[in-house]
Each structure stands twice: as structure tokens, then as C-alpha cells.
Amino acid sequence: IFQSLAYHLREQPSSNTLIVSTRELPFQGVHQAAHKLKSYLGSEVDQLIWDGVSGLNPDGLGAASGLIKGGGLLFLLLPDLNKFTLQPDADYARMCSEPSELTLYGTRFLQRMLKLIHKHTDVVVFEQSKQVQQTPLSFSGSVTTSNTPAGILPTTDQIKVVNAIQTVALGHRKRPLVIYADRGRGKSSALGLAAAKLYQENQFKVLITAPNRRSCEAAFVHFSKNISSSEKAIVDVSKQLEFIPPDKLIETLPSCHILFVDEAAAIPSPILKRMLDAYPRVVFSTTVHGYEGNGQGFAVRFRKELNTQTPQWKSLSIAQPIRWAEHDPLEHWMSDLLLLNAQLPNIQQDVGSRSNTSIQWHSQDDLVENPTLLKHITALLVLAHYQTSPSDIRLILDHPDIFVATIQSCYLKENLLLGVLLILKEGAVDNSDLAQAILEGRRRPRGHLVPQSLVACTGSKDFLSLTTYRIMRIAVHPERTQQNLGSELIKAAYAHAVKNNIDSLSSSFGLTADLLKFWSKNNFGLLKLGTHKDGASGTQSIIIMRPISQAAKQLFAHYSEKFKQNFIFGFSRQHRSLALDNAFAILKTLTHDKVQIDTLEQAKLYAYAEHFGALEDNLLNLQQLILASVTDRTINNLSKERAHLLIMRIFQGRSVQTCVQALGLEGKKQLDKALRSSIGELLKLSN
């Protein structure tokens with residue numbers, strides 16, 4: 001069959017073929033490994049050959065299928081279909097800590113794929129034993145291929161987008177535009193067309209941000225195509241449409257006339273909110289369905305911010321495909337396989353009262369046998385978390401140490417999904433050599449995220465030998481937030497852990513003040529704060545834990561205290577630029593001893609508050625006063641601005657200029673007055 005496929009490709013010498021495999025295959029084209037496919041995003045191919053014998057990476061397969069132009073074909077090379085689902089393929093090794101674990105994994109994801117191969121009439125199966133070699137593969141009457149839509153670009157939809165963006169750029173401020181589109185509809189290209197028009201007619205500078213530059217490469221291609229050579233000769237047009245990563249954007253706030261945010265669904269809402277605060281003219285563009293992120297999730301998560309801050313915002317949808325025709329069979333098959341089109345059910349106002357909800361634990365076989373529930377779980381996970389990807393479906397179905405719980409409501413004899421919880425068992429690694437290698441930085445095997453990270457940062461190998469249930473995801477239906485459903489799921493996780501003699505619950509996620517408040521309310525404490533920001537989210541990762549066993553409680557008590565000491569010590573060092581909301585939130589989760597300040601030192605503090613004495617002579621006592629006020633919550637009576645000022649100057653040691661700019665003050669004198677006044681107010685509250 002290889003020879004027949006090679007013959008088919010030779011008959012189409014002008015075709016652009018991409019071959020995804022870890023093996024050398026006898027085909028003409030560009031060979032690439034699955035994990036490097038992101039470099040191809042934004043490009044197009046005529047034929048895609050995916051070597052399933054090398055492994056079926058769900059994320060890579062979804063990404064690669066979107067590269068195929070209308071009229072092109074996907075050739076999926078698989079082992080004998082009678083043996084295809086007998087064992088995990090090679091790509092499953094990415095989920096294993098050790099190669100020997102591969103035999104423990106299921107093949108339910110592969111079984112789903114096999115059923116869909118046989119179910120879809122547009123999928124043609126060629127079997128080695130039944131195909132005569134040296135003859136061309138024939139598709140006439142057997143498969144439907146979609147031709148590239150007729151007409152000249154830009155499409156009608158793209159013209160609407162360009163006109164709408166012009167309205168944002170030239171109209172009233174604080175009226176952002178949100179663009180929704182499935183992949184392959186040319187939304188990024190439309191951004192480039194709009195940027196070119198804004199430059200040509202108004203000389204406006206446009207900034208564009210996205211999770212990475214590859215995501216919006218098409219915008220730069222079409223911007224360049226629509227700028228004339230004479231214009232390029234006059235000015236450096238690369239400065240007129242400029243890419244900047246999200247974290248750098250919100251940190252530096254560079255100037256521009258209008259900001260484009262591409263693949264906004266893949267950027268956390270707090271980061272989007274800061275963009276909306278800082279820039280008066282913003283265009284958000286996002287994929288509705290696809291591995292890039294979920295636009296519907298973005299709409300639900302971010303709509304409240306838009307309604308509150310910019311109630312006159314507009315939205316626009318792009319439906320017309322560019323790379324392929326509507327109702328494309330490959331797009332339809334891939335959406336079914338990877339659940340890219342999974343939708344949440346609508347929930348009525350009277351659904352989900354606390355009296356008719358229940359929590360259920362689901363086996364992986366249950367999820368396979370209930371495809372509707374699997375789709376709803378996937379939709380909820382994508383909606384709630386910007387990093388959910390097709391690979392998570394395979395993990396849910398086939399990982400031997402994953403547990404899935406849902407909270408559902410019975411309404412008219414139908415169970416409706418209100419929330420979902422994913423747990424992964426980690427730890428119980430009794431290997432002192434491996435623990436030592438992790439401690440020394442020589443090994444970082446896949447899996448066991450929390451135990452490995454804690455061994456590396458604390459030096460204690462006990463974290464690897466104890467067991468923990470890491471809560472990977474927790475998601476609640478957007479119509480049922482603020483009803484303690486998430487906390488109910490955590491209670492269920494705790495009971496499940498106790499029942500199975502697990503030492504602790506844990507989790508790791510990007511730090512935001514609201515998330516930390518939620519987990520702290522559910523009795524989780526901090527053990528680690530990352531020092532590097534995620535490029536897409538602009539957040540730092542944290543690790544939290546809720547101990548259960550006596551051994552875990554002793555370990556947690558010791559290292560949570562160590563974390564507190566290191567955090568306070570590092571305030572003016574590695575945590576000096578930590579966002580003030582996050583810094584304050586962390587301080588609130590820590591227990592601080594009430595320090596008795598003697599009469600002389602207290603007199604010095606009052607003298608400082610009354611405009612006598614120097615800040616430098618009182619720093620230690622001021623720090624102790626603030627920590628004590630955090631513990632007894634008296635600091636909550638200060639305004640947010642005053643609390644942030646105390647953190648910036650007393651703990652982080654930020655410069656006068658930085659504090660003045662951050663708090664909108666007029667200068668050093670006003671800053672000094674505000675600081676002394678804040679300390680005086682805190683002293684009164686503490687007595």
C-alpha cells in the first residue's frame with residue numbers, strides 16, 4: 001500500500017505534501033515530527049500523511065488537519081485494524097513516567113477512533129491485504145473532497161470584519177469588538193487586512209498579541225501583501241503592525257492606536273481584563289471550536305467584564321470557510337474524534353437547586369458508553385480552562401490513575417451536568433535513586449508533577465514517596481457559579497482520598513487572587529510559588545496542598561512554614577514585581593504570629609506616622625505590624641490602594657517613582673504623606 005500511495009503522490013507533482021512520522025517513509029514531501037507541527041500553523045498543504053504507527057498525538061493531529069486545503073486529502077496510516085486497539089500506540093508514552101507503565105494504559109481513545117473510521121461514510125479504508133500494489137489509489141465515487149471556495153479574497157465575511165475594525169479605530173473609545181470564527185475562516189488574515197488599511201488611510205500603529213506569534217502569522221502575511229512596495233520603501237512598516245506577548249504587553253503597556261488580541265480564548269480572563277483596562281480601542285479575535293481554544297468559553301468567562309467595563313461592545317461571527325468548502329467532511333470527522341464541537345446543554349433557571357443535585361464518580365468505561373456525558377464534560381472543561389486540549393480526552397479515557405467526578409441535577413428525569421472534577425493520583429514512588437536524581441536536577445520523568453516539583457524546591461524526598469490526589473481540573477457550569485458547587489466537588493475528592501488511604505490533596509495552577517481565595521477557603525495551603533511567568537497567561541504557577549495523613553500533616557506544617565519565611569524574605573528580591581493583588585492574597589493565606597512591640601519601638605512608629613522619623617529606621621517593626629494586621633484582618637479595613645502601598649514600599653521595596661506611577665500620585669511628597677497616613681490608620685485599628 002506504500003507503493004500505491006507513492007504512485008498517487010507522483011501523479012500529482014505540484015502537490016505540497018507534509019509527512020508526520022518518526023520513521024523514514026518512501027514518500028516525497030516534507031517530513032516532520034508531531035511535536036514540531038506548531039511551526040506550520042498558518043500554512044497550507046495539499047496532502048497530509050500521518051503515520052499512526054509512530055503514534056497518534058491528538059493535539060498534533062487536530063492541528064495538522066487544519067492545514068489541508070480544500071480538495072486535499074488526509075492519509076492516515078494505521079496498523080492492522082483488527083489489532084489496532086489491542087495495545088496503546090507509541091504516543092501514549094508521553095503520559096508515562098516509565099516505559100514499563102505503558103501496559104497499564106487503556107485504548108478507549110483508539111476504540112473511539114476505530115468506530116468513527118467505520119461510521120463516517122466519507123472515510124475510505126484501504127487494507128494492505130486487499131489492495132493490489134503498484135496501482136493508484138482510486139477515490140472516485142468513494143470519497144467526497146471539498147474544493148476551495150470560488151471567488152476572490154477577501155471574502156464577504158472578511159470585508160465585514162475589516163469595516164467593523166475600522167469603526168473601532170475611528171469611532172468612540174471603549175467600544176471593543178469581539179470576532180468569533182471556526183478555524184480556517186480567515187480571521188487572522190482579516191486582522192492583517194484591517195491593519196494594512198488602517199496604516200494606508202490613517203497611518204495608525206497596531207499592536208497584536210496572542211499566545212505566540214505563530215498563532216497570528218497570517219495577519220503579518222496579509223498585512224505585508226497589502227502594503228505597496230513604495231510604502232515599504234518610505235517607512236519601516238514592520239513597526240506599524242507589531243507583535244508583543246501578553247505578559248510583556250501588560251507589564252510594559254506600549255502605546256498604539258488600536259490593540260488586536262488574537263486567539264483570545266487561550267489567554268486567561270484576568271490578563272484580558274488588564275488589556276481592556278489599559279487600551280481604549282481593542283479587537284478580540286478567537287476560535288470558536290478547535291485546539292487553539294474555545295471561543296464560547298471565552299464569551300462566557302469574559303462577557304461579564306465586557307458588560308461591566310464596556311457595555312457598548314460589539315460581536316461579529318465569521319462562518320465562510322477559506323481553506324475548504326462548507327460542510328467539509330474532514331473537518332466534520334476530526335471534530336467528532338476530538339470533540340472540538342462539544343456543546344454544553346442549556347440549563348433552565350429552576351435546574352440545579354441544592355435539593356436535587358448529586359455527585360457521581362464515573363469509570364472510564366462509563367464515559368465511553370455515555371458519549372453525551374463525555375461531550376458535556378469536555379465542553380465544560382474547555383469552557384473553564386484555557387489550556388484544555390484534545391490530548392486531555394485521551395488522558396481521561398485511558399490513564400490508569402485518573403478519577404472523574406461530576407455533580408449533576410435531575411430535571412424532568414434527565415441528568416444535567418453542573419460541574420466536573422478531574423483527579424490524577426501521583427507519588428508512591430519508592431525509588432531513592434530517582435528521588436536523588438530529581439533533587440539534583442538530573443532527572444525529570446514525565447508525570448508526578450506535584451511530588452517532583454516539591455522534591456526539587458524543598459529537598460525532601462518524602463513528597464515523592466507519599467501519595468497525593470492532584471486536582472487537575474475543576475469546572476462549574478457558568479450558569480451555576482457562586483453556588484459552592486466547586487467546594488462540594490472538593491469535599492467529594494477529600495472523602496474519596498480518605499477512603500483510598502491517600503496522604504493528601506494537591507493542585508497546581510496559575511496564580512490569581514480569586515483562585516487562591518477559593519482554594520484557601522477549602523483548606524489548601526501554599527507550598528511553592530514559581531518565579532517565572534507563563535508567556536501566554538502572564539501568571540506564575542503555584543502548588544497548594546491539603547494534608548490528610550499524619551505524615552503529610554507533619555510534612556506540610558514544616559514546609560508551609562518554610563514557604564512563608566522564604567516568601568517574606570524574597571519579597572524585595574524574586575517577588576519584587578509580583579502583582580499586588582496576588583501578593584496581598586498570598587499574605588492573607590499565611591499565618592503570622594502576633595509580635596509584641598515594646599513601648600519604645602511603638603513610640604517610634606507613632607512618631608513616623610505623625611511625620612517624624614525616617615522610613616528606613618522603622619522597616620522591621622513596620623513589617624511586623626503589617627503581618628500581624630493581616631492575621632487579625634484589621635488590614636482589611638484599609639482601602640485597597642493603601643494596602644497595596646504598604647506592600648509596595650514596606651515589603652517589595654519598590655522605588656518612589658514606581659509607587660507614584662502605580663498609585664497615580666503627584667510626587668514623592670504625596671507618596672510619603674500617604675504612606676505615613678496609612679501606617680497611622682493601621683496603628684489605630686490595631687489598638
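Everything numeric here is computed off the predicted structure, so don't read it as measured data.
Ser409 and Arg480 share no side-chain donor-acceptor pair at under 3.5 Å. For the residue pair Thr634/Asp632, the side-chain donor-acceptor check at 3.5 Å is satisfied. A donor atom on one side chain and an acceptor atom on the other are found under 3.5 Å apart for Ser506 and Thr468.
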Could you walk me through whether Leu615 and Ile650 pass the side chain to side chain contact (heavy atoms under 4.5 Å, CB included) test, one step at a time?
CA-CA 9 Å; Leu615 173 66; Ile650 307 301; 3.7 Å; yes

Could you walk me through whether Thr458 and Phe563 pass the side chain to side chain contact (heavy atoms under 4.5 Å, CB included) test, one step at a time?
CA-CA 9 Å; Thr458 66; Phe563 171 81; over 6 Å; no

Applying side chain to side chain contact (heavy atoms under 4.5 Å, CB included) to Phe260 and Ser285, what does each step give before you reach the verdict?
CA-CA 8 Å; Phe260 292 171; Ser285 171; over 6 Å; no

Verdict with supporting geometry, Arg546 and Ser507, side-chain hydrogen bond (donor to acceptor under 3.5 Å, both in side chains):
CA-CA 9 Å; Arg546 181 178 176 180; Ser507 192; over 6 Å; no

With side chain to side chain contact (heavy atoms under 4.5 Å, CB included) as the criterion, how do Leu671 and Leu645 come out once you've worked through the C-alpha distance, each side chain's angles and the decisive distance to 0.1 Å?
CA-CA 9 Å; Leu671 174 67; Leu645 171 60; 3.4 Å; yes

Working note: Lys673 + Glu666, criterion salt bridge (charged side-chain N to carboxylate O under 4.0 Å, His left out); need CA distance, chi angles, decisive distance, verdict.
CA-CA 11 Å; Lys673 182 179 179 180; Glu666 294 180 359; over 6 Å; no

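A salt bridge does not link Glu305 with Arg274: every distance from a Lys NZ or Arg NE/NH1/NH2 to an Asp or Glu carboxylate oxygen is 4.0 Å or more. Salt-bridge annotation for Glu610 and Arg676: absent, with no side-chain N of the basic residue lying under 4.0 Å from a carboxylate O of the acidic one. Using a 4.0 Å cut-off between a side-chain N of Lys or Arg and a carboxylate O of Asp or Glu, Glu681 and Lys684 do not qualify as a salt bridge. Here Glu251 does not pair with Lys248 in a salt bridge; the nearest charged N to carboxylate O distance is not below 4.0 Å.
With hydrogens and angles ignored, the 3.5 Å screen pairs a side-chain donor or acceptor of Glu426 with a backbone N or O of Val450. Proximity of a side-chain donor or acceptor of Thr467 to a complementary backbone N or O of Asp503 within less than 3.5 Å is detected. Under a 3.5 Å cut-off, the side chain of Thr310 and the backbone N or O of Gln312 do not form any donor-acceptor pair. Side-chain N or O atoms of Asn582 include none that pairs as donor or acceptor with a backbone N or O of Leu578 at under 3.5 Å. A donor-acceptor pair is defined here as one N or O able to donate and one able to accept, closer than 3.5 Å; such a pair exists between the side chain of Ser629 and the backbone of Ile626. Of the possible donor and acceptor atoms, one in the side chain of Arg281 sits under 3.5 Å from a partner among the backbone N and O of Val168. Between the Gln540 side chain and the Gly530 main chain, a donor and an acceptor come within less than 3.5 Å of each other. The backbone N or O of Gly427 lies less than 3.5 Å from a partner atom in the side chain of His448, making a donor-acceptor pair. Side-chain N or O atoms of Thr209 include one that pairs as donor or acceptor with a backbone N or O of Ile244 at under 3.5 Å. Side-chain atoms of Asn522 come within 3.5 Å of backbone atoms of Phe518 as a donor-acceptor pair (strictly under, hydrogens ignored).
Side-chain contact between Ile423 and Ile402 is absent, with no heavy atoms from C-beta onward closer than 4.5 Å. The shortest distance between side-chain heavy atoms of Tyr494 and Ile502 does not fall below 4.5 Å. At a threshold of 4.5 Å between non-hydrogen side-chain atoms, the residues Leu526 and Phe567 do not count as touching. Side-chain contact check for Leu198 versus Ile165: some heavy-atom pair is nearer than 4.5 Å. Residues Ser520 and Lys588 have side chains not in contact (no heavy-atom distance under 4.5 Å, counting atoms from C-beta outward). In this structure the side chain of Gln554 reaches within 4.5 angstrom of the side chain of Gln550, judged on heavy atoms. Proximity of Leu449 to Arg470: side-chain heavy atoms (C-beta onward) are separated by under 4.5 Å at one or more points. Using a 4.5 Å cut-off on side-chain heavy atoms (C-beta onward), Leu395 and Met472 make contact.
Aromatic ring orientation, Phe403 versus His496: perpendicular (interplanar angle above 60°, classes split at 30° and 60°).
Atoms CG and CD1, from Leu516 and Ile542 in turn, are 5.0 Å apart once rounded to the nearest 0.5 Å. Taken to the nearest 0.5 Å, the CD atom of Gln670 stands 12.5 Å off from the CG atom of Leu675. Going from atom CG of Leu663 over to atom CG of Leu580 covers 8.0 Å, rounded to the nearest 0.5 Å. Taking CD1 of Ile250 as the reference point, atom NZ of Lys273 lies at 11.5 Å (rounded to 0.5 Å).
Figure legend: cation-pi geometry between Arg573 and Phe569, with NZ or CZ positioned under 6.0 Å from the six-membered ring centre and within 45° of its axis. Geometrically, Lys461 does not engage Phe463 in a cation-pi contact defined by less than 6.0 Å to the ring centre and at most 45° from the axis.
Within 6.0 Å of NZ in Lys604 there are more than 12 heavy atoms belonging to other residues, nucleotides or ligands. Around NZ of Lys668, the count of heavy atoms belonging to other residues, nucleotides or ligands within 6.0 Å does not exceed 12. The environment of Glu440 atom CD is dense: over 12 non-hydrogen atoms of other residues, nucleotides or ligands sit within 6.0 angstrom. In Gln309, the CD atom is crowded: over 12 heavy atoms of neighbouring residues, nucleotides or ligands sit closer than 6.0 Å. Around atom NZ of Lys314, no more than 12 heavy atoms belonging to other residues, nucleotides or ligands sit under 6.0 Å away. For Gln482, the CD atom sits in a loose shell: 12 or fewer heavy atoms of surrounding residues, nucleotides or ligands are nearer than 6.0 Å.
Within the structure, the salt bridge (charged side-chain N to carboxylate O under 4.0 Å, His left out) test picks out the following pairs touching residues 575-587 (sequence neighbours left out): Asp581-Lys640.
Minimum interatomic distance between Ala264 and Leu272 (heavy atoms only, all atoms of both residues): O-CD1, 3.7 Å. Smallest separation of non-hydrogen atoms from Cys216 and Ala210: SG-CB, 4.1 Å. The two atoms that bring Thr308 and Pro311 nearest to each other are O-CD, 4.2 Å, heavy atoms only. The two residues Pro176 and Leu276 come nearest to each other via the heavy atoms CG-CD1, 4.0 Å. Across every non-hydrogen atom of Ala164 and Leu316, the tightest pair is CB-CD2, 4.0 Å. Of all non-hydrogen atoms in Pro211 and Asp262, the two that sit nearest each other are CD-O, 3.6 Å.
Residues that satisfy the side-chain contact (heavy atoms from CB on, under 4.5 Å) test with Ser560, not counting sequence neighbours, are Leu527, Phe556. For Ser572, there are no side-chain contact (heavy atoms from CB on, under 4.5 Å) partners two or more places apart in sequence or in a different chain.
A ring-centre distance under 6.0 Å is not found for Phe284 and Trp313.
Checking Thr406, Thr388, Leu417 one by one against Leu380, the side chain to side chain contact (heavy atoms under 4.5 Å, CB included) holds for a single residue, Leu417.
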